[in-house]
Amino acid sequence: MAKYKVAVATSDGKTVDTHFGHALSFTIFVVDEETGAFEDTEERTIEKAGCSGGECGGAAQSDGSAVTDAGCGGRNGAAAESGVMDAIAAQLEDVDYVLVARIGPHAIRALSKHGITAYDIVLPIDEAIEKINGFRKKINARKHVALGGKD
């Protein structure tokens with residue numbers, strides 16, 4: 001029985017509704033591919049190097065002044081944002097999928113380095129996981145047929 005993990009960015013525990021870069025935590029679900037049953041197993045707080053309060057691009061120092069050379073919105077912009085996204089992705093390296101309301105190219109690249117597929121989707125969590133599971137089953141069935149019925 002194959003199981004896999006899905007990290008969901010949610011503000012209410014019911015809906016995929018949070019931007020990847022703004023998520024302060026992810027709810028981790030373990031899904032049984034065969035039955036489609038899933039359960040939340042963990043709330044994972046995300047440590048962000050250079051981001052403040054979950055607002056990439058709006059990072060502030062402890063005195064309230066803007067960060068000028070670090071974080072997502074500093075003068076090093078893309079390089080700093082890429083570093084932040086890499087740090088977040090590393091904290092999710094044991095999951096197979098990430099479900100978020102929005103995600104940018106730096107985050108997608110960072111996640112893909114860890115073999116994680118991201119979906120930009122706004123749906124109730126149960127519907128989103130159901131869609132992913134259906135997709136996985138179709139892909140696995142096609143692989144099975146392509147291999148001549150052999151695993």
Side-chain angles (χ1 to χ4, degrees), residues 1-59 70-74 76-151:
M1 150 168 65
K3 291 189 177 190
Y4 59 94
K5 288 184 180 181
V6 178
V8 179
T10 179
S11 65
D12 63 5
K14 297 175 186 172
T15 307
V16 181
D17 63 359
T18 304
H19 186 288
F20 181 83
H22 296 177
L24 299 175
S25 67
F26 286 85
T27 303
I28 309 298
F29 292 86
V30 174
V31 184
D32 180 319
E33 183 175 43
E34 186 177 315
T35 66
F38 61 91
E39 64 177 327
D40 62 327
T41 59
E42 174 187 358
E43 186 73 20
R44 191 170 300 173
T45 300
I46 298 300
E47 300 297 325
K48 298 180 183 187
C51 280
S52 174
E55 293 296 329
C56 293
C72 301
N76 292 332
E81 181 177 355
S82 184
V84 170
M85 296 303 131
D86 286 338
I88 297 169
Q91 295 170 72
L92 297 171
E93 69 183 355
D94 64 322
V95 304
D96 300 285
Y97 302 95
V98 169
L99 305 180
V100 294
R102 294 199 61 201
I103 191 166
H106 295 297
I108 291 170
R109 277 192 295 277
L111 290 167
S112 68
K113 289 178 194 175
H114 293 278
I116 302 168
T117 303
Y119 288 100
D120 184 333
I121 188 168
V122 177
L123 279 175
I125 293 169
D126 58 343
E127 288 181 37
I129 290 176
E130 193 175 294
K131 284 182 178 287
I132 286 178
N133 204 52
F135 176 73
R136 278 181 63 100
K137 283 183 173 182
K138 285 181 185 177
I139 294 298
N140 288 337
R142 287 182 184 156
K143 285 180 185 176
H144 186 73
V145 169
L147 294 172
K150 298 175 186 173
D151 289 321

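Everything quoted here is computed from the prediction, not taken from an experiment. Residue numbers run from 1 in the order of the sequence given.
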Side-chain heavy atoms of I125 within contact of V16, under 4.5 Å: yes
Residues at least two apart in sequence or cross-chain that pass side chain to side chain donor-acceptor pair (under 3.5 Å) with D17, listed by chain then number, are S11
Determine the interplanar angle of the Y119 and F135 rings, folded into 0 to 90°, and report it as parallel if under 30°, tilted if 30 to 60°, perpendicular if over 60°. perpendicular
Pairwise side-chain contact, F29 with I129, heavy-atom cut-off 4.5 Å (strictly under): yes
Can you find a heavy atom in the side chain of E47 that is under 4.5 Å from one in the side chain of Q91? yes
Please name all residues satisfying side chain to side chain donor-acceptor pair (under 3.5 Å) with R44, sequence neighbours left out, ordered by chain then number. E42, D94
Are the side chain of H114 and the backbone N or O of I116 linked by a donor-acceptor pair below 3.5 Å? no
Which distance, rounded to the nearest 0.5 Å, do you find between the CG of D120 and the CD1 of I108? 7.5 Å
Do I139 and K143 make a side-chain contact, defined as non-hydrogen atoms from C-beta onward lying under 4.5 Å apart? yes
Is there side-chain contact between F26 and L99, with at least one heavy-atom pair below 4.5 Å? no
Does anything in residues 129-139 pair up under side chain to side chain donor-acceptor pair (under 3.5 Å), and if so which pairs, sequence neighbours excluded? Y4-N133, E33-R136, Y97-R136
With a 4.5 Å cut-off on side-chain heavy atoms, are I103 and L111 touching? yes
If we ignore hydrogens and angles and just use 3.5 Å, is the side chain of D40 paired with the main-chain N or O of E43 as donor and acceptor? no
So do L92 and I46 actually touch side chain to side chain, heavy atoms under 4.5 Å? yes
